[in-house]
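Start at 1 and go down the list; that is how both ligands and their atoms are numbered.
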Amino acid sequence: MEKPTPETAALPVEPLWYKDAIIYQLHVRSFYDSNADGVGDFRGLVQKLDYIQELGATALWLLPFYPSPLRDDGYDIADYTNVNPAYGTLDDFKTFLTEAHRRKLRVITELVLNHTSDQHSWFREARRSQNDPRRHWYVWSDTDEEYRDARIIFTDTEMSNWAWDPVSKQYYWHRFFSHQPDLNYDNSEVREAVWEVMKFWLEMGVDGFRLDAVPYLVEREGTNCENLPETHAVLQFLRQRLDEHYPDRMFLAEANQWPSDVLAYFSNGDECHMAFHFPLMPRIFMAVKLEDRKPIVEIQEHTPAIPDACQWAIFLRNHDELTLEMVTDEERDYMYDAYTTDPAMRLNVGIRRRLAPLLDGDRKRIELMNGLLMSLPGTPIIYYGDEIGMGDNIFLGDRNGVRTPMQWTGGWTAGFSRSDPERLYSPPVSNELYNPKIVNVDSQSRSEHSLLAWTKRLIRTRKLSRVFSRGKMEFLSPANHRVLAYVRTLGNETVLVVNNLASCAQAVELDLRRFKGAIPTEMSGGSVFPRIGELPYLLTVGSYQFYWFRLRRL
Ligand code: GLC
């Protein structure tokens with residue numbers, strides 16, 4: 001085993017840490033600017049680590065912070081082993097890592113392994129000529145006819161997955177923007193190079209990688225070029241190397257696929273440790289809009305069991321559009337109708353909005369959705385700013401409207417920077433409902449009743465029991481469909497979760513006979529409810545209200 005670096009020494013080896021984690025996703029650029037140049041940086045982030053720790057998060061997931069022309073906000077990497085000078089230096093990153101670990105915060109970084117920027121030296125060399133030794137690090141063709149069954153992902157910008165290179169006079173393959181050429185994973189040099197990149201960050205002490213866009217690593221004629229066995233073989237190769245040298249680090253797969261296809265990314269527990277549950281997310285929004293539990297129950301019932309050491313990553317919003325790829329056409333129409341009042345809110349196959357505006361700023365629905373996030377099976381991910389109910393700006397282009405500066409205070413720059421507001425990398429949200437004067441950390445820190453304070457309590461309550469992070473889940477099926485109730489169990493511990501998805505109060509009768517004799521204790525306040533008997537257990541649940549009950553046998 002490698003010797004732990006001084007950075008990692010701060011955290012004990014805990015191979016399943018990701019199962020119990022609460023992940024906070026943020027962009028260094030958007031979080032806090034320490035040097036008044038209008039752009040967030042690592043030194044600024046260090047100053048805000050206490051905030052993240054106090055919120056109750058246990059891990060951070062950082063968007064790409066590498067040198068990049070920033071034509072896809074850093075997902076177009078020009079150098080994998082350095083830091084974008086706008087965000088600081090490698091030493092700043094190391095200091096950040098040490099400081100995060102000192103606060104027991106694990107750090108997950110982005111590894112964009114499907115493609116590079118066209119500015120990466122690998123691609124610049126590869127396109128020099130058709131005979132360049134670097135040529136076969138990318139995928140080339142004389143025609144744009146190959147792999148026609150592969151869909152286009154960025155439907156609003158791209159017409160084809162092939163782009164013509166006028167320099168070397170061939171087409172190159174790209175699944176995303178045309179300035180993001182796909183690496184050629186059939187080439188073992190590429191696989192080795194990517195492992196070297198991983199090693200670089202693992203040596204430094206990074207705890208895990210979000211593996212960006214993993215379904216698309218390998219192309220084969222006659223297939224849709226997604227989830228191919230050859231792609232899984234690449235991931236298993238990387239995992240084997242990881243386990244040999246760094247046993248407590250983690251791979252999180254970004255595979256926007258149906259659960260049955262995502263299952264393959266866990267393999268037999270020898271591929272990725274975690275994977276996002278993409279289809280669940282839009283169905284939470286659907287269920288709350290329809291006031292019916294069906295979408296959530298259905299998708300969970302279609303979610304296969306995963307190996308013991310693996311875990312789903314679940315989320316409400318992230319840095320991308322709210323993707324509607326994993327829903328039926330009918331469901332997509334419904335989501336567009338229900339959640340986009342302005343066509344500018346749509347992007348590609350999704351909706352570019354943040355959580356609070358999607359829910360009309362309705363505090364009750366925001367709480368309910370967060371309650372679901374924290375009690376359904378999986379590790380929850382909170383997108384920066386959603387804990388204070390930040391808004392968005394749909395007029396900023398692409399997905400920039402959900403990546404605006406974190407709102408720390410009510411000042412002109414939202415307390416994000418000491419620079420002039422004009423200098424900021426992006427204007428803060430300025431509309432009447434969500435501008436920094438209305439929504440900011442500072443004011444919410446002064447009230448026990450703010451969304452921020454409430455979110456902290458919710459996280460604290462979740463951490464009372466590992467039943468949420470590791471337990472099994474079973475749905476109850478009360479006649480009232482507006483109520484979503486489930487039981488989470490782990491060993492002797494049982495928690496009953498009851499959610500009212502409706503805007504008005506509901507009564508529900510739950511069949512809890514198998515818990516006869518147990519006394520439900522409401523977890524947020526400790527109130528004791530009547531003992532469970534033979535008869536259906538009657539509860540009333542207010543508008544969008546939810547309860548978590550510990551069932552104790554006394
Ligand atoms: C992933 C990222 C997205 C990026 C794309 C291409 O889907 O989440 O932000 O644009 O990959 O790298």
Side-chain angles (χ1 to χ4, degrees), residues 23 25-30 61-80 84 108-120 122-123 138-139 150-158 161 163 172-183 185 194 197 208-217 225-227 231 251-257 261-262 265 272 274-279 281-282 313-326 347-354 381 383-384 392 396-404 426:
I23 301 177
Q25 178 195 0
L26 67 87
H27 198 357
V28 177
R29 167 153 102 144
S30 313
W61 154 25
L62 306 185
L63 263 56
F65 51 76
Y66 316 97
S68 160
L70 298 182
R71 294 177 70 193
D72 184 10
D73 206 0
Y75 283 90
D76 45 337
I77 299 179
D79 177 358
Y80 283 95
N84 190 320
I108 301 165
T109 57
E110 281 281 347
L111 198 83
V112 184
L113 67 176
N114 178 66
H115 47 267
T116 67
S117 157
D118 60 3
Q119 298 307 307
H120 195 291
W122 296 343
F123 189 70
Y138 294 86
V139 181
R151 70 190 164 114
I152 291 168
I153 295 169
F154 285 160
T155 49
D156 285 0
T157 9
E158 298 300 330
N161 287 323
Y172 62 87
W173 180 249
H174 62 88
R175 286 310 296 270
F176 293 90
F177 289 122
S178 58
H179 56 75
Q180 289 167 317
D182 275 35
L183 283 163
Y185 277 90
V194 167
V197 169
F209 298 116
R210 172 186 181 269
L211 304 179
D212 183 70
V214 280
Y216 319 109
L217 300 186
C225 301
E226 301 188 13
N227 313 319
T231 288
F251 285 167
L252 163 57
E254 189 218 10
N256 189 353
Q257 303 285 333
D261 290 324
V262 178
Y265 290 87
C272 295
M274 296 183 81
F276 292 99
H277 200 316
F278 276 99
M281 180 272 303
I314 62 175
F315 61 101
L316 297 171
R317 290 297 300 109
N318 62 21
H319 64 296
D320 287 327
E321 67 275 27
L322 190 169
T323 162
L324 297 175
E325 279 160 301
M326 293 302 127
L347 180 75
N348 299 319
V349 191
I351 303 173
R352 48 172 160 192
R353 302 183 73 192
R354 265 188 181 268
I381 303 180
Y383 186 51
Y384 86 91
D392 51 37
L396 282 181
D398 200 357
R399 291 148 290 174
N400 297 325
V402 300
R403 303 176 185 179
T404 56
S426 154

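- The ligand atoms of ligand 1 that sit less than 4.0 angstrom from a heavy atom of Phe176 are 5 (C), 6 (C).
- Ring centers of Tyr383 and Phe315: at least 6.0 Å apart, outside the cut-off.
- Remark: the backbone N or O of Arg175 is paired with a side-chain donor or acceptor of Asp182 at under 3.5 angstrom.
- In this structure, Asn161 contributes its side chain and Arg151 its backbone to a donor-acceptor pair below 3.5 Å.
- Residues Arg317 and Leu322 have side chains in contact (heavy-atom distance under 4.5 Å, counting atoms from C-beta outward).
- Atoms of ligand 1 found under 4.0 Å from any heavy atom of His319, numbered from 1 in the order shown, are 2 (C), 3 (C), 8 (O), 9 (O).
- Judged purely by atom type and a 3.5 angstrom limit, Arg403 uses its side chain to pair as donor or acceptor with the backbone of His319.
- Ligand 1 lies less than 4.0 angstrom from a heavy atom belonging to Arg399.
- Among Arg175, Glu254, Arg403, Arg71, the residue whose heavy atom sits closest to atom 7 (O) of ligand 1 is Glu254.
- One finds no salt bridge joining Glu321 and Arg352 here, because no Lys/Arg side-chain nitrogen approaches an Asp/Glu carboxylate oxygen to under 4.0 Å.
- Side-chain atoms of Asp156 come within 3.5 Å of backbone N or O of Asn348 as a donor-acceptor pair.
- Distances shorter than 4.0 angstrom do not occur between any heavy atom of Phe177 and any atom of ligand 1.
- Contact annotation: Arg210 has at least one heavy atom less than 4.0 Å from an atom of ligand 1.
- Heavy atoms of Tyr216 found under 4.0 angstrom from ligand 1: none, in either backbone or side chain.
- For the residues Asn348, Asp320, Ile77, the heavy atom positioned nearest atom 3 (C) of ligand 1 is part of Asp320.
- Salt-bridge annotation for Arg399 and Asp392: absent, with no side-chain N of the basic residue lying under 4.0 Å from a carboxylate O of the acidic one.
- The nearest protein atom to atom 11 (O) of ligand 1, hydrogens excluded, is given as Asp212 OD1, 2.9 Å; this is a heavy-atom distance.
- Of the protein's non-hydrogen atoms, Asp72 OD2, 3.4 Å is the one closest to atom 4 (C) of ligand 1.
- Close contacts of ligand 1 with Phe154, meaning ligand atoms under 4.0 Å from a residue heavy atom, involve 10 (O).
- Among protein heavy atoms, the minimum distance from atom 12 (O) of ligand 1 is reached at His115 NE2, 2.8 Å.
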